[in-house]
Amino acid sequence: MNNLASFSAPKITVVGTGYLGATHAISMAVLGFDVLGFDVDHHKIAQLRTGKVPFFEPGLPEKLEEALASGRLHFTTNMDKVAGFGDVHFVCVGTPQSADSTAANLSYVDAAFSELAARITRKALLVGKSTVPIGTAARLTQMVQDISPLGPELELAWNPEFLREGFAVQDTLHPDRLVFGVASEWAEAMLRRTFLPLLDEGIPLIVADLATAELVKVAANSFLATKISFINAMAEVCECTSADVSLLAQALSLDSRIGGRFLKPGLGFGGGCLPKDIRAFKHRAEELGVGQAVRFLGEVDSINNRRRVRTVDLIRELAGGDLTGVRVAALGAAFKPNSDDVRDAPALDVARLLYMEGAVVTVYDPEANANAHRLYPDLNYVGSLAEAADQADVVALLTEWEEFRQADPNSLGARVRHRRILDGRHALDPDRYTSKGWEYRALGRPYQPAVRVRQNVEKPATQLPL
Ligand code: UGA
């Protein structure tokens with residue numbers, strides 16, 4: 001590799017300031033680079049300029065404040081400024097599911113790359129971070145070099161991102177690994193210079209071709225989704241026997257080859273990434289003629305969706321067989337705790353299904369009420385756990401916020417009409433509840449656990465790390 005000392009610190013731009021882009025722009029400024037963030041959304045840019053993160057992400061507001069105070073971070077809605085500013089341009093726009101198929105909608109990615117290519121007049125590197133179907137980077141390389149007055153001087157690389165919402169700062173500043181998809185030594189050297197602070201810290205780096213870099217991202221998300229659906233498929237088996245999926249997950253997790261992460265049974269995965277990424281991957285594989293290789297991802301998706309329906313079944317059972325007029329306290333709306341993201345959120349989907357069956361659903365989420373209300377205005381939303389529980393016939397824990405884990409079964413019990421709880425995330429200790437007169441149900445667990453946790457075994461699956 002070229003001597004990196006000959007490369008001065010590149011000026012960085014970040015196109016698209018959603019979860020990924022905002023975190024990346026802020027983090028690169030914190031690491032010492034001059035950064036210009038861009039978005040077409042004027043409101044979002046106005047918020048970021050004044051130090052307000054437009055979404056809930058623990059730790060990010062403090063980092064934004066630090067970055068703005070350093071004078072190294074600026075935001076704009078002017079693409080000409082972006083093109084003139086940067087040596088390395090990161091594209092972090094969304095790739096949502098298409099409206100009419102399971103394919104990824106690449107219109108935002110295409111627009112970002114072509115807008116940059118039309119304006120950049122000096123040698124620069126365009127770096128895609130968005131999750132895209134395999135082959136996109138090669139197509140975009142051709143496209144930008146056709147558009148750009150620089151021709152092949154304008155290079156393209158892919159640098160997939162693995163950050164989790166709720167841990168975005170940690171995952172960006174201290175990722176498990178970096179992946180560079182490059183087509184030239186110069187592109188690799190530019191990326192090495194850009195990520196020098198992380199490489200100096202010893203973060204492992206994989207340098208690959210463009211297609212492999214694209215594939216790493218979708219393969220990682222597919223693996224994680226498959227692991228979750230595997231344990232949830234086992235929960236289905238448990239449900240027609242007397243077996244307990246919590247104990248099963250605990251026993252499996254103690255095998256170091258399997259491990260406990262992403263093996264937590266319950267309501268399954270949601271969010272803006274895992275569901276749409278496995279669908280887009282399957283779609284792309286079919287286009288490439290290798291659909292058979294990832295056909296199982298369709299099953300992974302189906303298992304995941306069945307958990308939502310089964311959760312409603314259990315709530316109906318708890319309510320005595322009919323949901324009409326039953327008051328359900330829905331605890332949680334976000335797709336996971338420490339997030340206000342309700343995209344494809346299992347919790348909200350369950351609330352919607354309950355409502356459609358005639359239940360009176362009251363939703364409380366510590367951070368996601370506003371976003372949930374925009375999506376499903378017909379549900380009732382309240383500002384506290386206590387209000388949600390008031391006169392409830394069934395309490396349904398759907399997103400495992402710490403506040404719900406820590407709730408006191410006695411005080412909660414004093415507010416409800418019936419002490420019945422559905423633990424959709426295996427987040428509660430059943431004994432704490434049953435000893436206070438609660439009926440407790442959880443996906444994949446018998447009403448009375450068949451096997452009790454023994455003293456010399458650590459806490460069960462409710463404690464598995466995510
Ligand atoms: C996911 C990946 O974990 C990130 O590595 C990736 O960068 C990101 O997608 C992306 O593509 O941008 P995220 O969507 O933030 O991150 O959420 P996860 O922490 O992966 O959780 C996904 C869902 O799985 C949540 O609904 C969670 O409740 C559920 N889950 C997770 C389970 O049901 N069981 C588990 O054991 C773990």
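We count ligands from 1, going down the list as the structure has it; atoms in each ligand are counted the same way.
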As an exercise, identify every atom of ligand 1 less than 4.0 angstrom from a heavy atom of [X].
X: Leu224; answer: 3 (O)
X: Leu274; answer: 1 (C), 9 (O), 22 (C)
X: Glu165; answer: 15 (O)
X: Asp277; answer: 11 (O)

Glu403 versus Leu385: any side-chain heavy-atom pair under 4.5 Å?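 A side-chain contact exists here, since the closest heavy-atom pair is under 4.5 Å.
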Does some non-hydrogen atom of Cys273 fall short of 4.0 Å from ligand 1?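 Cys273: in contact with ligand 1 (<4.0 Å).
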Heavy atom of Gly266, distance to ligand 1 below 4.0 Å: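 Heavy atoms of Gly266 never come under 4.0 Å of ligand 1.
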Shortest non-hydrogen contact from Leu68 toward Leu48: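 That would be CD1-O, 3.6 Å.
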Which segment of Asn221 sits under 4.0 Å of ligand 1 when only heavy atoms are counted: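 Near ligand 1, Asn221 shows its side chain, while the N, CA, C and O stay back.
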Where on Glu161 is there a heavy atom closer than 4.0 Å to ligand 1, on the side chain, on the backbone, on both, or on neither?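 Backbone only.
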Residue pairs fulfilling salt bridge (charged side-chain N to carboxylate O under 4.0 Å, His left out) with at least one residue in residues 218-228, sequence neighbours excluded: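 Found none.
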Residue pairs, two or more places apart or on separate chains, that pass salt bridge (charged side-chain N to carboxylate O under 4.0 Å, His left out) and touch residues 96-115: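 Only Asp110-Arg139, Glu115-Arg119 qualify under salt bridge (charged side-chain N to carboxylate O under 4.0 Å, His left out).
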Pick, from Glu400, Lys129, Lys264, Arg164, the option with the minimum heavy-atom distance to atom 36 (O) of ligand 1.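 The nearest heavy atom belongs to Lys264.
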Determine, considering heavy atoms only, which of Lys336, His426, Lys217 sits nearest to atom 13 (P) of ligand 1.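 That would be Lys336.
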Salt-bridge test for Arg420 and Glu317: reply yes if a basic N is under 4.0 Å from a carboxylate O, no otherwise.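 Here Arg420 does not pair with Glu317 in a salt bridge, since their nearest N and O are not under 4.0 Å apart.
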Check this for me, if you would: do Glu400 and Lys264 make a salt bridge, where the nitrogen-to-carboxylate-oxygen distance has to be below 4.0 angstrom?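 Yes, Glu400 and Lys264 are salt-bridged.
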Are any of the N/O atoms in Ile228 less than 3.5 Å from those in ligand 1?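 No: no nitrogen or oxygen of Ile228 is under 3.5 Å from one in ligand 1.
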Pairs of nitrogen or oxygen atoms closer than 3.5 Å, one from Pro346 and one from ligand 1: do any exist?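 By distance alone, the answer is no.
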What do you reckon, is CD1 of Ile206 surrounded by more than 12 foreign heavy atoms closer than 6.0 Å?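 Atom CD1 in Ile206 is not crowded, with 12 or fewer foreign heavy atoms closer than 6.0 Å.
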Between Tyr376 and Tyr355, is the ring centre distance below 6.0 Å?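 No - the distance between ring centres of Tyr376 and Tyr355 does not fall below the 6.0 Å cut-off.
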